[in-house]
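These notes are about the structure you will find just below.
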Amino acid sequence: MPNEAVRVRFPPSPTGLLHVGSARTALYNWLYARHTGGVLVLRFEDTDRARSTPEAIDQALRVLEWLGIDWDEGPTRQTERMDEYVSTAERLVADGRAYPCYCTAEELDAERSERQKQGLPLTYSGRCRRLTDAERRKFEEEGRTPAIRLVFDPAGETVIEDVIRGVVRWDNALQGDFIILRSDRTPTYQFANPLDDIAASITHVLRGEDLLSSTPRQLAVYRAVGAPEPRFGHLPMILGPDKKKLSKRHGAVSVEEFRDRGYLADAVVNYLALIGWSFDDRTTVMTRDELVERFTLERVNPSPGVFDEAKLEWLNGEHLRLLTPGRFTSELQRYLDLEGSALAAQPERVAEVAPIVQEKLRELSQFEGFAGFLFGPVEYDEEAVRRVVDDPDAPRALESARAALEQVADWDAEAIEEALRGACEETGLKPRVLFGPVRVAISGRTVAPGLFESLQLLGRDESLARIAALGRRFVTEG
RNA sequence: GCCCCCAUCGGCUAGUGGCCUAGGCCUCCGCCCUUUCAAGGCGGCAACACGGGUUCGAAUCCCGUUGGGGGUACCA
């Protein structure tokens, strides 16, 4: 029943941190492979030796693992296949499909600016293609080492049926012969990339739109070596809030930063899937399995999308709530360990507190500020304290709460709630008026987990002590 | 300069000629939840870039303009 086995690939160049744009490309390839039961090939394009680093490879591997993107073949590296690129280039020269080019960078620049001036496309003139043997010998004697250029037939046009953009066409006369092997004998991206895809029998090339205009040149390589052509699908770019290509100056753009800030991999995957793809007109929160089941190329959008951190944050909250309590606790503990938080040293306490914050957090990084008062002494937020001090009902609220809580026999959330509501009736104070000061008294803030659960976890003595302590402020400050 | 791509609320998007006085989600604003709130519930603001066609009928098709993006390297 599967027609043609799908074979896709993700070929990052290990020259820096894995960008969210690259991660999205990896994700779409992975989703497509998993959805179709196909194969995902991982390969590192490290022919740019000056910029490629082993650290970047490790980092990319860790990020993919964290995101839960696994691959079926590889990882391979282009530097392992150097001989292959060179011998293929030589064969193309022997076949007359490529030729040595002796032009220097300066000559090329001059040519380009001249064409620029004339309003012509900036393509290579092809002058070295017509060199005589004698001229070649002369250049060699001058010590020039040639690069190899592939002959690009200027006749007609190159047409593809892009999987997500439809028909795209280019005038072949505007392409020009391009370099496939540098003068140092290393291959260019335009050459190594298609050759590797051919070797891996890739059926679908799904990549960013920034690579759309390099398609004709790569197709020329397929044709030169007589390989069957793949389908191409160019994914929309991810933009920053200013609609420019997303970059460092927009803030966090490496996937690791989001991991370190306490985002869940599932939330990041869900969010990334939604930039450029949608399932229908109403589904937003999806698990990894749902994404795999629903992902199709037909629903990928061709227009670029802005990276919206606010929505990622919200989605992360949704995914935090989707976790089972046990899983939430372990994710939280893992995050605290990673951050080197002091709270990480009290895993039992973390496990006790986790359930009462799971409904409220959007990011794991909020935990410490949100529930730190349950781990040690309170740190009073000045603003919160002032609100209590300015409240004429506060002294009465604190005193009645203290008195009521003192009478609680079994110190659990239910009994605590009953006692505090009783205090409301007795004093005639509205719950929000009475509970507010109590909250500040025990947590030091106006924002905290559920009040009754917090009191229970804090313990009777500590709770009463904190309420009394805040009450004393009225004596000294009032 | 030249080539290519894109164009629905502030953001992500649904919409493939009539179901659209354009739907959902995020943000923002307001209200509610006899517990604050960053959680939950409810409600509100807010868009088919512009101009021509085609058609009985256009957000949807065609052309142009404008705007944005990408490419134009011995980077990938």
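Here is the naming used below: chain letters follow the sequence lines, and residue numbers restart at 1 for every chain. Computed from a prediction, not measured in an experiment: that's the story for all the values here.
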Item to check | Check against side-chain hydrogen bond (donor to acceptor under 3.5 Å, both in side chains), A/Thr188 and A/Gln190 | outcome: CA-CA 5 Å; A/Thr188 58; A/Gln190 303 294 1; over 6 Å; no
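Remark: A/Ser278 is in phosphate contact with B/A14, judged by side-chain N or O atoms under 4.0 Å from OP1 or OP2. Here A/Arg112 reaches the OP1 or OP2 of B/A73: one of its side-chain N or O atoms lies under 4.0 Å away. A sub-4.0 Å separation between OP1 or OP2 of B/C25 and a side-chain N or O of A/Thr283 is absent. For B/G69, neither phosphate oxygen OP1 nor OP2 lies less than 4.0 angstrom from any side-chain nitrogen or oxygen of A/Arg165.
Under the side chain to side chain donor-acceptor pair (under 3.5 Å) criterion, A/Tyr85 pairs with A/Asp196, sequence neighbours left out. For A/Phe44, there are no ring pair (Phe, Tyr, Trp, His ring centres under 6.0 Å) partners at least two apart in sequence or on another chain. Partners of A/His204 under the ring pair (Phe, Tyr, Trp, His ring centres under 6.0 Å) rule, at least two apart in sequence or in another chain, are A/Tyr32. Remark: A/Arg402 pairs with A/Glu399, A/Glu406 by the side chain to side chain donor-acceptor pair (under 3.5 Å) rule, at least two apart or across chains.
A/Ala448 comes within 4.0 angstrom of a base, heavy atoms only. Within 4.0 Å of A/Arg299, counting heavy atoms only, lie sugar-phosphate atoms of the nucleic acid but no base atom. A/Glu313 comes within 4.0 angstrom of nothing in the nucleic acid, heavy atoms only. Base engagement by A/Leu211 is indicated by at least one non-hydrogen atom pair under 4.0 Å involving a base atom. Here A/Leu174 lies in heavy-atom contact (under 4.0 Å) with sugar-phosphate atoms only. Residue contacts for A/Cys103: at a heavy-atom cut-off of 4.0 Å it reaches a base atom on one of the strands shown. Contacts of A/Thr215 with the nucleic acid, taken as non-hydrogen atoms under 4.0 Å apart, are absent. Here A/Gly276 lies in heavy-atom contact (under 4.0 Å) with sugar-phosphate atoms only. Heavy atoms of A/Phe452 sit under 4.0 angstrom from at least one base atom. A/Arg169 comes within contact range of the sugar-phosphate backbone alone, with a heavy-atom separation under 4.0 Å but no base atom that close. Residue contacts for A/Gln190: at a heavy-atom cut-off of 4.0 Å it reaches a base atom on one of the strands shown. Within the 4.0 angstrom heavy-atom criterion, base atoms lie near A/Arg439.
Shown here, B/C2 forms a base pair with B/G71; the pair counts as Watson-Crick or G-U wobble because both key distances fall under 3.5 Å. Under the Watson-Crick or G-U wobble criterion, with both distances below 3.5 Å, B/G43 is paired with B/C29. When both distances must be under 3.5 Å, the Watson-Crick or G-U wobble mate of B/C50 is B/G64.
In this structure, the CZ atom of A/Arg144 is 14 Å from the C1' atom of B/C74, given to the nearest Å. Atom CZ in A/Phe435 sits about 14 Å away from atom P in B/C37, given to the nearest Å. Distance A/Arg282 CZ to B/C26 P: 13 Å, rounded to the nearest Å. Here the P atom of nucleotide B/C74 and the CD atom of A/Glu106 are 12 Å apart, to the nearest Å. Residue A/Ile180 contributes atom CD1, which lies 16 Å from atom C1' of B/A73 at whole-angstrom precision. The nearest whole Å value for the distance from the CD atom in A/Gln175 to the P atom in B/A73 is 11 Å. Between A/Arg217 atom CZ and B/C74 atom C1' the separation is 13 Å, expressed in whole Å. The separation between A/Ile356 atom CD1 and B/C37 atom P is 18 Å, rounded to whole Å.
Residue pairs meeting the ring pair (Phe, Tyr, Trp, His ring centres under 6.0 Å) criterion with at least one partner in residues 352-374 of chain A, sequence neighbours excluded, are A/Phe367-A/Phe375. For the ring pair (Phe, Tyr, Trp, His ring centres under 6.0 Å) condition, the pairs that include at least one residue of residues 101-124 of chain A, sequence neighbours left out, are A/Tyr102-A/Phe139.
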Please tabulate the protein-to-nucleotide N/O contacts below 3.5 Å involving nucleotides 7-11 of chain B, giving atom names and distances.
from: B/G11; atom 1: OP1; to: A/Lys243; atom 2: NZ; distance (Å): 2.9
from: B/G11; atom 1: N2; to: A/Lys311; atom 2: NZ; distance (Å): 3.3

Short heteroatom pairs, N/O only, protein and nucleotides 40-44 of chain B, under 3.5 Å:
from: B/G40; atom 1: OP1; to: A/Glu318; atom 2: OE2; distance (Å): 3.4

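Heavy-atom nearest nucleotides on RNA chain B were determined for A/Leu451 and for A/Leu108, and the one closer to the 5' end corresponds to A/Leu451. Nearer to the 5' terminus of RNA chain B, by closest-nucleotide assignment, is the contact made by A/Val433 (compared with the other of A/Val433 and A/Arg445).
Side chains of A/Thr215 and A/Arg207: a donor on one and an acceptor on the other come within 3.5 Å.
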Counting only pairs under 3.5 Å, give me each side-chain donor-acceptor contact of residues 417-435 of chain A, with atom names and distances, residues two or more places apart or in other chains.
from: A/Glu417; atom 1: OE2; to: A/Arg421; atom 2: NE; distance (Å): 2.9
from: A/Glu417; atom 1: OE2; to: A/Arg421; atom 2: NH2; distance (Å): 2.9
from: A/Thr427; atom 1: OG1; to: A/Ala423; atom 2: O; distance (Å): 2.8
from: A/Thr427; atom 1: OG1; to: A/Cys424; atom 2: O; distance (Å): 3.4
from: A/Thr427; atom 1: OG1; to: A/Leu429; atom 2: N; distance (Å): 3.2

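In summary, the aromatic rings of A/Phe178 and A/Phe191 are positioned with their centroids too far apart to meet the 6.0 Å limit.
For the pair A/Arg149 (side chain) and A/Asp177 (backbone), a donor-acceptor distance under 3.5 Å is present.
Judged by atom type and distance alone, A/Ser183 reaches the base of B/C74 through a side-chain donor-acceptor pair under 3.5 Å.
Atoms CG and CG, from A/Asn316 and A/Leu364 in turn, are 7.5 Å apart once rounded to the nearest 0.5 Å.
Distances were taken from every side-chain heavy atom of A/Leu212 (C-beta onward) to each of B/C74, B/C5, B/C37; the shortest belongs to B/C5. In the set B/G24, B/C4, B/A14, the nucleotide with an atom closest to the side chain of A/Val168 is B/C4.
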